[in-house]
2 protein chains.
Amino acid sequence: MSKIIDQIKDVEHALPKWRRRPKCRPDDILDGALKEFCLCGYARARIEDIANHAGLSKGSVYLYFDSKEEMLKALIRRSVTPIALSLTEVAGHMGEDKEQTCAEILRKMLKLTATRFLDQKTGSIPLLIIGEAGNFPELPEFYRDEVIEVSMKAIETVIASGVKNGEFRPINIKLAIRSLMSIVIMQVIWNGVFKRKGEATITTDELINSHLDLFLNGALA
Amino acid sequence: MSKIIDQIKDVEHALPKWRRRPKCRPDDILDGALKEFCLCGYARARIEDIANHAGLSKGSVYLYFDSKEEMLKALIRRSVTPIALSLTEVAGHMGEDKEQTCAEILRKMLKLTATRFLDQKTGSIPLLIIGEAGNFPELPEFYRDEVIEVSMKAIETVIASGVKNGEFRPINIKLAIRSLMSIVIMQVIWNGVFKRKGEATITTDELINSHLDLFLNGALA
DNA sequence: TATTAATAAATGACTGGTTATTTATTAAAT
DNA sequence: ATTTAATAAATAACCAGTCATTTATTAATA
């Protein structure tokens, strides 16, 4: 008996009860939060489980975030910044290569957006927002300002210039943007909600190329 | 003082504490549930509030539904039935009018679907499913079988016959369906999540006509 | 028709479990 | 020795689901 106790004491002595991890915390916690939020939804996700993902106890989470709600907001904010950045970057590069058709720029933008959202991590953010829109109306509000409006503006510029230079016929630009972008949303929802596991995934390239082909050339013979 | 008490007693005597409403209950309760689920999400919605919407007390709800989860499932089931019915009906009528182009049949189907989902009540069902997919994987499963697969099959038939008779060029039908239907999902999410109140709503006709115009004729000049 | 018994509908106080957040305390690091 | 990071345990609120009780309605009986 005393042998066993000694062993336990040894182990206790060997492994410190916890270690200090000063740099990383908030980001690790958000990773855990994303996992749990996606798995059970915001309301059912337990702080303790989130904490465990990051190798912490429940209480420690509160050293980094004031509340569960703040965690959700921080999570959204973190995912938004790189998207907004990369889109404005593409918009900035537009017009550099005079040879490039507007159609090709659109393809580039669509693929960029699709790639971002159809990778599992970013793609679950819109789903989260959709699910929590009722409880936290600031989330869609914020997302719309920071992501949707920005991307729509960027695409609008491209389509408008295509219409002006005669590459596109005179279409309703606002509506065309919707028709163009809708495929990304559809696919995010398909992959995240309806796709059965094991079922073959349509590749982003296939999807976007087909959609753009239809968008540009139409289905009529 | 006694006057007031008398008045209260009168009122108490005049109005029975509750009334019997034998026929309607389950459906009224589901209406309340839909309202509350949309407002706060499934997890936060309180049975008591749902009951109050239907003019009942919490306990009475359990005379009609075994649990909160059963309510959610019943709600989804109720919304699914009429959709499946109307779609199979349209599919059944197909080919009656030989003069009708496939494009026009597609327009009719898209408008039917869009109208159903863009009326507030039905439109919130997919949003609910998206939000609760993590907790209740049976919901998307069920919805996919009963609504999505059925509608896709119906549309597939039309497009395929259009390709066969030369009205459409040889396109990838599975992908074309996605491109075609995506606009409805996009709009459901836009209206239910991102649209600011007071903001002008795009009419279903505008949306579908524009989308079909692009789908059929393309954007190129 | 009036009275009374039986049944159906509805209630609301209560229980038990769950979990976000707070606090007192302990251990690591410097 | 002091500061910082972390913990574990306590607190407090919340809410689904139960159940003993009450009230309305209906039917049977006199």
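Not measured: the values here are computed from a predicted model.
Comparing D/dA5, C/dA9, D/dA16 against the side chain of B/Y64 picks out C/dA9 as the nearest. Counting only heavy atoms from C-beta on, A/K58 has its side chain closest to C/dT21 among C/dA13, C/dT21, C/dT19. Closest approach to the A/R46 side chain among C/dT19, C/dT11, D/dA6 is made by C/dT19 (side chain taken as heavy atoms from C-beta onward). Side-chain proximity of A/Y62 to D/dA8, C/dA10, C/dT21: nearest is C/dT21. Closest approach to the B/L63 side chain among D/dA6, C/dA13, C/dA10 is made by C/dA10 (side chain taken as heavy atoms from C-beta onward).
One atom, CE of A/M71, and another, P of C/dT21, lie 10 Å apart when rounded to the nearest Å. Put simply, CG on A/L56 is 18 Å from P on D/dT4, counting in whole angstrom units. One interatomic measurement links the two molecules: CG of A/D49 to P of C/dT18, which rounds to 13 Å at whole-angstrom precision. Atom pair A/E36:CD and C/dA20:C1' shows a separation of 15 Å (rounding to whole Å applied). Regarding A/R44, its CZ atom lies at a distance of 16 Å from the C1' atom of C/dA20, rounded to whole Å. Rounded to whole Å, the distance from CD on B/E48 to P on D/dT18 is 16 Å.
A salt bridge links A/R144 with A/E149: the closest approach of a Lys/Arg side-chain nitrogen to an acidic carboxylate oxygen falls below 4.0 angstrom. In this structure, B/R78 pairs ionically with B/D31, as a charged nitrogen and a carboxylate oxygen lie closer than 4.0 Å.
A/K195 NZ: more than 12 foreign heavy atoms inside a 6.0 Å radius.
Using cut-offs of 30° and 60° on the angle between ring planes, the pair A/W190 and A/F194 is tilted.
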